[in-house]
2 protein chains.
Amino acid sequence: MVVSPHAVGIDIGGTAMKIALVRADGSIACNTQIPTHVAAGAAAAVPRIVAAVRALGREAGLAPEALQAAGIASAGIIDFENQLVLDAPNLRVWERHPLAQEVGRGLGVPFRLENDVNAMAYGEWRCGAGRGARHLLCVTLGTGVGGGLVLDGTLYRGACGAAGEVGHITVNRDGPACRCGSTGCLERYVGSRYIVERAAHFLQRDARPSVLRGMAPVDISARRIATAAGDGDALARAVLAETGQWLGVGLASLANVLNPERIVVGGGVAAAGDWILEPARTTLRQRAMSIPGTAARVVPAALGNHAAVVGAALLALARVEEERA
Amino acid sequence: MVVSPHAVGIDIGGTAMKIALVRADGSIACNTQIPTHVAAGAAAAVPRIVAAVRALGREAGLAPEALQAAGIASAGIIDFENQLVLDAPNLRVWERHPLAQEVGRGLGVPFRLENDVNAMAYGEWRCGAGRGARHLLCVTLGTGVGGGLVLDGTLYRGACGAAGEVGHITVNRDGPACRCGSTGCLERYVGSRYIVERAAHFLQRDARPSVLRGMAPVDISARRIATAAGDGDALARAVLAETGQWLGVGLASLANVLNPERIVVGGGVAAAGDWILEPARTTLRQRAMSIPGTAARVVPAALGNHAAVVGAALLALARVEEERA
């Protein structure tokens with residue numbers, strides 16, 4: 001039987017929940033994924049989560065006392081004091097349900113609920129691309145653009161747990177409308193749907209041949225553009241370069257305000273790697289002030305899809321340790 | 001003889017040094033100002049500073065042991081570990097001189113050097129408009145636009161002491177060139193010289209009568225525009241409203257990233273008060289996400305010109321207390 005301390009990390013998304021047993025060093029003992037079934041409600045999810053964790057425990061040969069904590073990561077704004085999800089567009093009917101409390105009670109262990117991007121930032125910081133940095137900004141590029149901050153060696157949440165909304169800093173005041181109600185937000189230029197929109201513009205105005213021309217417009221995704229760029233498609237590369245330049249505008253602002261030593265970029269769009277990151281780095285150096293611009297190293301995330309479960313589990317273990325101390 | 005603990009705060013500017021004896025509660029016992037004489041060098045300034053502090057001590061009837069620390073605030077980027085000013089455009093020949101060390105030795109007390117905007121933020125946080133806030137952004141509006149951050153109840157410096165350069169976040173990527181080398185920075189829209197520039201544009205295109213029309217262009221300053229606005233000048237008010245809108249664009253980005261509960265606005269331009277702050281608040285609410293936008297209360301600074309000396313003195317006292325603990 002395995003008796004060393006473990007925590008379970010649970011990352012709740014709109015379609016699936018990722019669940020992993022995580023060791024104290026952040027490595028994953030074993031993991032699984034179960035459907036979320038949003039419409040069935042949060043209460044119905046609890047026994048399914050508990051059963052999945054128990055099954056993982058058996059799979060890993062874990063002694064019952066080895067499971068010491070449960071970390072739950074959720075999209076949305078978290079009421080940290082009451083450990084409730086306040087505002088999560090993809091989990092509306094689950095809002096304000098004491099899910100973390102019920103999972104903790106079901107498993108008989110202390111629990112901790114955290115915003116998923118914060119959990120990801122913490123995971124990358126503790127055992128991913130952010131290791132060793134005292135001041136870290138983690139940016140996720142996907143449909144939405146989010147961020148998590150580790151400042152002075154601590155996860156920073158702000159006054160209401162809403163800090164890190166880096167997708168909604170203005171990069172162009174009179175730019176196009178953003179879903180958040182503002183205009184010219186960073187997300188409006190680097191979110192995946194806007195990369196696709198950019199590709200459509202390039203296809204219209206740029207005569208170069210491209211594999212993207214052979215695709216139905218509905219089939220063009222940020223991921224396919226990234227694949228094309230990797231395969232040498234010059235037009236796809238130009239689309240990603242322009243995306244990276246906008247990302248760099250935002251990162252320069254963030255470097256000037258936060259002076260981080262590292263900026264970790266993750267999320268689905270980050271799969272485009274240096275086709276986006278290299279122009280972002282160049283623009284960051286050009287636009288940020290020299291000291292913060294030089295200090296901020298921009299690196300790809302290292303933990304991929306697992307960052308949030310690992311981070312949530314390690315945050316829960318950290319809470320147990322704090323309470324012991 | 002006064003025996004309660006005091007610290008001296010010294011705020012070093014390009015033309016004058018403000019010096020104040022500060023009590024542990026942040027109140028000023030007495031204060032003075034002496035010319036900086038930049039060209040004479042930093043070493044020559046030390047005996048003048050020490051003599052001025054001694055004179056203040058006599059004026060306040062301070063027992064020698066009551067002076068417990070010296071806090072020095074300077075423009076520029078501070079090497080906090082080595083307590084040196086690295087980069088200060090108005091004090092070039094003083095850079096890297098161990099001024100704080102020499103003042104501390106001359107006075108026989110522990111010393112602490114801090115960036116002037118950080119000292120101001122700390123002063124406003126401890127005993128000014130930021131009192132009671134756990135997460136605070138302090139913005140100074142003047143020729144330059146700077147910022148200081150108190151996050152989770154601690155002054156935040158970032159990886160190289162360069163955090164808080166809020167004047168150089170981008171609000172309009174393709175906007176006019178900024179002195180920092182970037183384009184469309186917040187400072188480029190709300191720094192005092194650009195307010196004057198905006199007034200000149202308004203005077204050309206806006207036919208309304210205005211007291212500013214009677215002034216020689218060289219006499220129009222941000223302060224005079226503020227005075228005119230206070231006296232009912234509609235054109236001056238329009239100039240400040242547009243300035244405040246740009247400020248609000250920047251503050252919305254900062255609220256989304258930092259989720260502060262308070263934003264304290266100080267500096268010379270802030271004398272325009274609600275003629276700038278009210279449109280800034282409106283724009284902040286319109287552009288920030290709802291939770292951080294509602295949480296961030298925008299208030300004028302309370303300590304005026306004294307914020308940096310008070311903050312520097314209290315930071316030095318805090319250092320003495322930390323070392324005792």
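In what follows, chains carry the letters A, B, and so on, assigned in the order in which the sequence lines appear, proteins first and then strands, with residues in each chain numbered from 1. Only this structure's heavy atoms are used, side chains among them; waters, hydrogens and symmetry mates stay out.
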Atom group of [X] that falls short of 4.5 Å from chain A, counting heavy atoms:
X: T183(B); result: both
X: R173(B); result: both
X: L151(B); result: both
X: L254(B); result: side chain

query = Taking every heavy-atom pair that is under 4.5 Å apart, which of T154(A), I169(A), N172(A), T170(A) has the most such pairs with chain B?
reply = T170(A)
query = Highest number of heavy-atom pairs under 4.5 Å with chain B: which of P292(A), G164(A), C180(A)?
reply = G164(A)
ask   = Does one side chain, of R126(B) or Y122(B), offer a donor that lies under 3.5 Å from an acceptor on the other?
value = yes
Any salt bridge linking [X] with [Y]? Criterion: basic side-chain nitrogen under 4.0 Å from a carboxylate oxygen.
X: R193(B); Y: E187(B); result: no
X: D87(A); Y: R96(A); result: no
X: R157(A); Y: E114(A); result: yes
X: R319(A); Y: E322(A); result: no

message = If I measure from the heavy atoms of chain B, does R287(A) come under 4.5 Å with its side chain, its backbone, both, or neither?
response = both
ask   = Given a strict heavy-atom distance threshold of 4.5 Å, which part of L149(A) is in contact with chain B: side chain, backbone, both, or neither?
value = side chain
query = So Y156(B) and H135(A), would you call those rings parallel, tilted or perpendicular, with 30° and 60° as cut-offs?
reply = perpendicular
Do [X] and [Y] have side chains that approach each other closer than 4.5 Å (heavy atoms only, starting at C-beta)?
X: Y189(B); Y: E242(B); answer: no
X: E197(A); Y: F202(A); answer: no
X: I77(B); Y: C160(B); answer: no
X: L86(A); Y: I78(A); answer: no

Below 4.5 Å, heavy-atom pairs only: which of [options] has the largest tally toward chain A?
options: G181(B), S182(B), G175(B); result: S182(B)
options: D152(B), L186(B), V249(B), V171(B); result: V171(B)
options: G250(B), A162(B), A133(B); result: A162(B)

Greater than 12 external heavy atoms within 6.0 Å of R92(B)'s CZ = yes
query = Just checking heavy atoms, which of residues 255-265 of chain B are less than 4.5 Å from chain A?
reply = N256(B), V257(B), L258(B), N259(B), P260(B), E261(B)
